[in-house]
Amino acid sequence: MDNSFTTHGDMALNLVDLEKYPIENLEFGDGAKFLKDCQQKMDENGWCNFDGFIKPNALNALEDEATALQSIAETLTIKRNIYQGKVDTSVPKDDPRRREYIHVASQLADDQISESTLIKQLYKSEKLTDFIRRVQRKSALYRCADEFQALNIVALHPGSWHAWHYDTTECTVTLLLKAAEKGGEFAFLPNSRTDETEDRETVDQLLAGDMSKAKTFSRGAGTFTLFRGGYSLHGVTQVEGTNPRITSIMTYSEDPNTILSDEVNVRIYGKRVEKILAARKLARTIT
Ligand SMILES: O=C(O)CCC(=O)C(=O)O
Ligand SMILES: [Fe+2]
């Protein structure tokens, strides 16, 4: 068995199948060609899907790590509208701005994933961040500075889905760590909205349960996906079988200091984070 994933200086390069995905050097040769291809795909379609991005032996280690971490994951019941915004009671009851969807997920926030984990080291890889920046043709891109949001691991247990939504960031980066035996399919409407408008007909169709316009990939564990999650309505269909489906979500921002408000973090991460923030506030008033 090839155990080379523990020997390289930059963890991304240790874990990633560099023969298939030459992200080590994007300036010349195969790497430059690969980058150009990714940029074109991103421009044209709004997504890139990299099947088998992680080497098989590294994938086993990542999956074991994510499974072990589940013992400290909190089960959250998430209720929100697709825009993750305030519920507008002035619009009709079935309007998407008013309708809320519920799903249940076991979620680990960034502060629960230690620096020594493989997944955190992969996320912290400068080479990987640079690759993600360049695929989107951004002049600057930083890993999200929020102590809870930056890197998350989300497990959907059998019977759960991930409700349709737009992300609060422009581009979303996910790595599937453990696939569902059945179901648990990532589905999205590429570029279903812009800053000005939304393709409401297609959006309403998906919200009504018609998946015919939604894009899905056959994604095995180890698939790395970039998509314009802030502009593409997306979710995950119900997980079936006996395994949870586990995915890691990596977030980035063009601003090096992006943090969420305490209110949003409490809404997303629940009681544990509420307690941390309250204790911090109390400590500030005492000192
Ligand atoms: O699990 C996935 O593939 C997508 C998750 C997602 O959309 C999110 O966490 O915002
Ligand atoms: Fe999302």
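The first residue in the sequence is number 1, and the count goes up from there. Note that the structure is a prediction, hence the values are computed from the model and not measured. For ligands, and for the atoms within them, numbers begin at 1 and follow the listed sequence.
Residue Arg245 has at least one heavy-atom neighbour below 4.0 Å for each of these atoms of ligand 1: 1 (O), 2 (C), 3 (O). Of all atoms in ligand 1, numbered sequentially from 1 with element shown, those under 4.0 Å from a heavy atom of Thr247 are 1 (O), 2 (C). Set against the non-hydrogen atoms of Phe186, the atoms of ligand 1 under 4.0 Å away are 3 (O). Less than 4.0 angstrom separates some heavy atom of His234 from each of these atoms of ligand 1: 7 (O). Per-residue contacts place His165 under 4.0 angstrom from the following atoms of ligand 1 (heavy atoms of the residue considered): 6 (C), 7 (O), 8 (C), 10 (O).
Distances under 2.8 Å from the Fe ion (ligand 2) pick out the protein N/O/S atoms His165 NE2, Asp167 OD1, His234 NE2.
Atom CD of Glu44 has more than 12 heavy atoms from other residues, nucleotides or ligands within 6.0 Å. Shown here is Lys36, whose NZ atom has no more than 12 heavy atoms of other residues, nucleotides or ligands within 6.0 Å. Enclosure of atom CD1 in Ile276 by more than 12 non-hydrogen atoms of other residues, nucleotides or ligands within 6.0 angstrom is indicated. Counting heavy-atom neighbours within 6.0 Å of Lys120 NZ, excluding the residue itself, gives a total above 12.
Using a 4.5 Å heavy-atom threshold, the side chains of Ile82 and Glu198 count as touching.
Of the protein's non-hydrogen atoms, the one nearest atom 8 (C) of ligand 1 is His162 CE1, 3.6 Å. Protein heavy atom nearest atom 5 (C) of ligand 1, with residue, atom name and distance: Ile249 CD1, 3.6 Å.
Both Leu175 and Leu118 belong to a common hydrophobic cluster when Ile, Leu, Val, Met, Phe, Trp and Tyr are linked at side-chain heavy-atom distances under 4.5 angstrom. Hydrophobic cluster membership differs between Leu226 and Phe188, with clusters built from Ile, Leu, Val, Met, Phe, Trp and Tyr side chains linked at under 4.5 angstrom.
Listed by first and then second residue, the side-chain hydrogen bond (donor to acceptor under 3.5 Å, both in side chains) pairs that reach into residues 63-77 are Glu63-Lys178, sequence neighbours excluded.
Proximity of Val236 to ligand 1, defined as any heavy-atom pair under 4.0 Å, is confined to the side chain (atoms from C-beta onward). With a 4.0 Å cut-off on non-hydrogen atoms, Asp167 touches ligand 1 through its side chain and not its backbone.
Between Tyr21 and Phe131, the ring centre distance reaches or exceeds 6.0 Å.
Residue Arg200 comes nearest to Tyr83 through the heavy atom pair CD-OH, 4.3 Å, listed as atom of the first residue, atom of the second, then distance.
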